[in-house]
Amino acid sequence: MPNLANLRHQHCWECRRRRVVCDGQQPVCNKCRTAGIVCPGYADKKPLQWLAPGQVMSRPKKRKGQGRLPSLRPQVSCPSPKRQAPLTPPESQKRHRNHPATPPITPTLRPEMFDIIEAMLYYNARIYPDLQSHQLGPSQFVFPMLTVEDIPLSILHTLVSVTINHRIMQMSDCCPEIDLVKPILPRFYHHRGISIRAIHELLDAEETRRGLEAVVSVYAFLFAFLQQSMTPSWRTHVDGFMTLLEFHGGFLEIIDRCDQMRPSLVGLMITAVLANTTSPPDNQFQIADTVTTLRLTEDYYTEVYFPPMSCPTPLFIKLILINELRAREPSHPKTKQAALGILGQIELFSPEDWTSNLEKSVFASREEFLVIGRVFHASVALYCILSLVSTGALKSTQEVEVLRAKYAQALFSILETGMTTPRARKRMTWPLIVAGVEAARAGAGVQKYIGRCLVDMARDQGISPPLVAKRLLERFWVGGGERKWDDCWDGAYAFIM
């Protein structure tokens with residue numbers, strides 16, 4: 001007669017709870033694996049479980065200093081390795097070879113700690129190595145996530161939402177994977193909601209509102225929103241961020257005196273300059289006046305500083321000046337004279353000379369920098385012509401049209417090389433958008449190629465702005481080649497991330 005105790009222990013605790021027949025597979029049963037549930041194992045005593053959201057019947061009084069995540073080591077008890085479900089599914093469960101390996105996901109929200117640990121593992125396994133391998137030089141924006149213990153909740157849950165969004169963007173373009181995306185979306189909104197509530201608490205109290213934690217939290221949320229949003233409402237968050245900076249002396253005071261915040265504020269300045277190119281002339285975001293912005297560029301901007309943007313410094317300066325001209329009265333004689341002067345200076349730029357004058361990099365080759373220089377030279381020249389003709393600062397003369405055709409052809413020719421050069425590829429979103437506006441005249445074949453490249457950029461980087469750009473360009477293309485640059489933008493868009 002078989003031992004009844006041994007027979008009972010062939011059923012794991014989860015199968016016993018669900019009253020289903022367990023196959024007794026070690027270390028985890030196939031019933032739990034198939035259902036996407038962490039198998040609690042076959043121990044004599046029922047293991048402790050995390051309570052699902054909403055099951056907490058009472059909450060202790062909040063103590064001072066409870067705003068940060070408690071230490072993981074003394075408070076998280078993990079089962080032994082042989083009893084724990086694997087972090088990744090077997091090879092047969094990977095639906096698409098380009099998609100990240102993901103454990104089965106139940107449709108209900110899991111305990112927050114599971115998502116936090118999984119997000120850290122995912123970031124270190126996929127996002128960080130990808131960013132590191134595409135650097136052009138040392139960057140303070142690229143680093144591994146080694147611990148979460150000392151990260152404030154307002155920032156931690158923003159980072160978790162970023163990693164979840166990255167997974168969604170890499171999976172959602174493939175129809176068979178849609179069913180995998182649906183269970184992840186509630187987790188994304190759940191963590192973003194926690195972050196918003198934590199930031200609200202920081203801003204609601206006078207003491208914390210003036211602290212550095214509030215500034216960094218809003219900054220992190222702002223750039224996460226830029227990566228995730230499908231609407232041009234990022235300016236609401238950046239306006240609030242600039243208001244917060246006033247408590248610490250203002251943007252200019254901090255960027256010049258605070259070494260810790262300078263990289264982030266230079267990143268915001270770069271974002272603002274690029275965002276103004278894809279915004280209406282009367283709806284631009286000014287961090288500072290043009291003279292001050294040029295001074296900040298000379299002091300702090302470098303081509304390897306901000307990962308998504310590597311526009312050569314002389315051309316980045318021209319972008320600042322073009323944006324200023326777009327906002328001016330176009331009929332003024334000095335405006336037209338300045339427009340011709342800027343276009344002439346862009347023509348004089350030599351990607352070869354720029355590349356040869358750069359310091360030797362251990363990250364990228366001269367050939368990679370040369371591709372980037374040629375792409376941005378053609379892009380900035382074409383943007384100058386298209387945008388200033390649109391406002392009337394430049395007249396569409398035969399000479400200007402010849403230049404437009406020249407740089408359009410140059411950009412279309414070099415884009416394919418840029419998209420297949422690893423370190424250049426990450427920096428192609430803005431050039432693709434410029435090419436997309438010009439593609440209204442180029443025909444359906446070029447338009448299809450631009451759209452496909454933007455979809456690839458969204459999946460590759462795990463962000464949504466390239467998809468927003470594709471949607472706007474497709475609407476713009478319907479009007480044909482007679483439409484102008486400013487007809488493409490119905491709001492203030494930022495596509496840099």
Side-chain angles (χ1 to χ4, degrees), residues 165 168-169 172-173 222-238 270-285 308-309 311 319 322-323 326-327 375-376 378-380 382-391 404 408 411-412 415 418-419 426-497:
N165 181 74
I168 290 173
M169 294 304 301
S172 60
D173 66 298
L222 166 64
F223 275 82
F225 186 85
L226 282 172
Q227 293 180 351
Q228 301 159 2
S229 177
M230 301 292 284
T231 64
S233 55
W234 71 284
R235 291 278 291 277
T236 301
H237 301 293
V238 78
I270 296 171
T271 301
V273 172
L274 268 292
N276 285 340
T277 67
T278 52
S279 301
D282 58 352
N283 190 17
Q284 296 196 6
F285 173 63
M309 180 61 184
C311 180
L319 287 179
I322 295 169
N323 290 340
R326 291 180 64 218
V375 167
F376 277 96
S379 301
V380 173
L382 193 56
Y383 165 67
C384 178
I385 295 170
L386 294 176
S387 64
L388 295 183
V389 167
S390 180
T391 63
R404 180 198 61 75
L411 181 56
F412 292 150
L415 269 181
M419 289 297 294
K426 292 289 185 183
R427 293 141 177 98
M428 289 296 108
T429 300
W430 188 79
L432 280 170
I433 292 170
V434 176
V437 175
E438 177 63 22
R441 310 184 194 202
V446 176
Q447 294 169 10
K448 185 177 180 180
Y449 174 76
I450 298 294
R452 187 169 64 249
C453 286
L454 288 171
V455 171
D456 290 342
M457 292 292 288
R459 183 181 61 249
D460 182 44
Q461 299 184 41
I463 57 176
S464 60
L467 298 182
V468 179
K470 178 176 180 288
R471 182 191 66 195
L472 291 172
L473 289 172
E474 288 173 342
R475 185 182 64 187
F476 178 76
W477 292 333
V478 173
E482 298 303 317
R483 303 186 71 186
K484 297 181 178 180
W485 178 271
D486 291 330
D487 295 329
C488 194
W489 323 114
D490 58 359
Y493 291 91
F495 300 111
I496 188 172
M497 298 305 297

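- Although no hydrogens or angles enter the test, the distance criterion places no donor-acceptor pair under 3.5 Å between the side chain of Asn165 and the main chain of Ile463.
- With Asn323 contributing its side chain and Val273 its backbone, the two residues share a donor-acceptor pair below 3.5 Å.
- Heavy atoms only, all atoms of each residue included: Leu432 and Ile450 are closest at O-CG2, 3.7 Å.
- A donor atom on one side chain and an acceptor atom on the other are not found under 3.5 Å apart for Thr271 and Trp234.
- Residues Leu473 and Val437 approach most closely at CD2-N, 3.7 Å, considering heavy atoms.
- Shown here for Gln447 and Ala440, the closest heavy-atom pair between the two residues is NE2-CA, 3.8 Å.
- Across Leu411, Thr277, Ile433, Leu319, a single residue satisfies side chain to side chain contact (heavy atoms under 4.5 Å, CB included) together with Ser379, and that is Leu411.
- Aromatic ring pairs are classed by plane angle as parallel below 30°, tilted from 30° to 60° and perpendicular above 60°; the pair Tyr493 and Phe495 is parallel.
- Among all heavy-atom pairs drawn from Ala492 and Pro280, the shortest one is N-CD, 4.2 Å.
- Counting only distance, with no hydrogens or angles, the side chain of Trp477 and the backbone of Gly436 share a donor-acceptor pair below 3.5 Å.
- The CD atom of Gln227 sits 10.5 Å away from the CG atom of Leu222 when rounded to the nearest 0.5 Å.
- The closest side-chain heavy-atom distance from Val380 to Cys311 is below 4.5 Å.
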Do Val389 and Arg404 pass the side-chain contact (heavy atoms from CB on, under 4.5 Å) test, and can you show the C-alpha distance, the side-chain angles, and the key distance before you say yes or no?
CA-CA 11 Å; Val389 167; Arg404 180 198 61 75; over 6 Å; no
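- Counting only heavy atoms from C-beta outward, the side chains of Trp485 and Ser387 approach each other to under 4.5 Å.
- Under the 4.5 Å side-chain criterion, counting only non-hydrogen atoms from C-beta, Gln461 is in contact with Thr429.
- The nearest pair of heavy atoms linking Lys484 to Phe476 is O-CE1, 3.2 Å.
- Here the side chains of Asn283 and Arg235 are in contact, with some heavy-atom distance below 4.5 Å.
- Minimum interatomic distance between Asn276 and Arg326 (heavy atoms only, all atoms of both residues): O-NH1, 2.7 Å.
- The distance from the CD atom of Gln228 to the CZ atom of Phe223 is 13.0 Å, given to the nearest 0.5 Å.
- Between the CZ atom in Arg452 and the CE atom in Met419 there is a gap of 9.5 Å [rounded to 0.5 Å].
- No side-chain heavy atom of Val446 sits less than 4.5 Å from a side-chain heavy atom of Glu438.
- When side chains are defined from C-beta on, Lys470 counts as touching Glu474, because their heavy atoms get closer than 4.5 Å.
- Residue Arg483 holds its CZ atom at 13.0 Å from CZ of Arg441, rounded to the nearest 0.5 Å.
- Residues Leu472 and Asp490 meet the side-chain proximity criterion, which asks for heavy atoms closer than 4.5 Å.
- Here OG1 of Thr391 is found 11.5 Å from CG of Asp282. Values are rounded to the nearest 0.5 Å.
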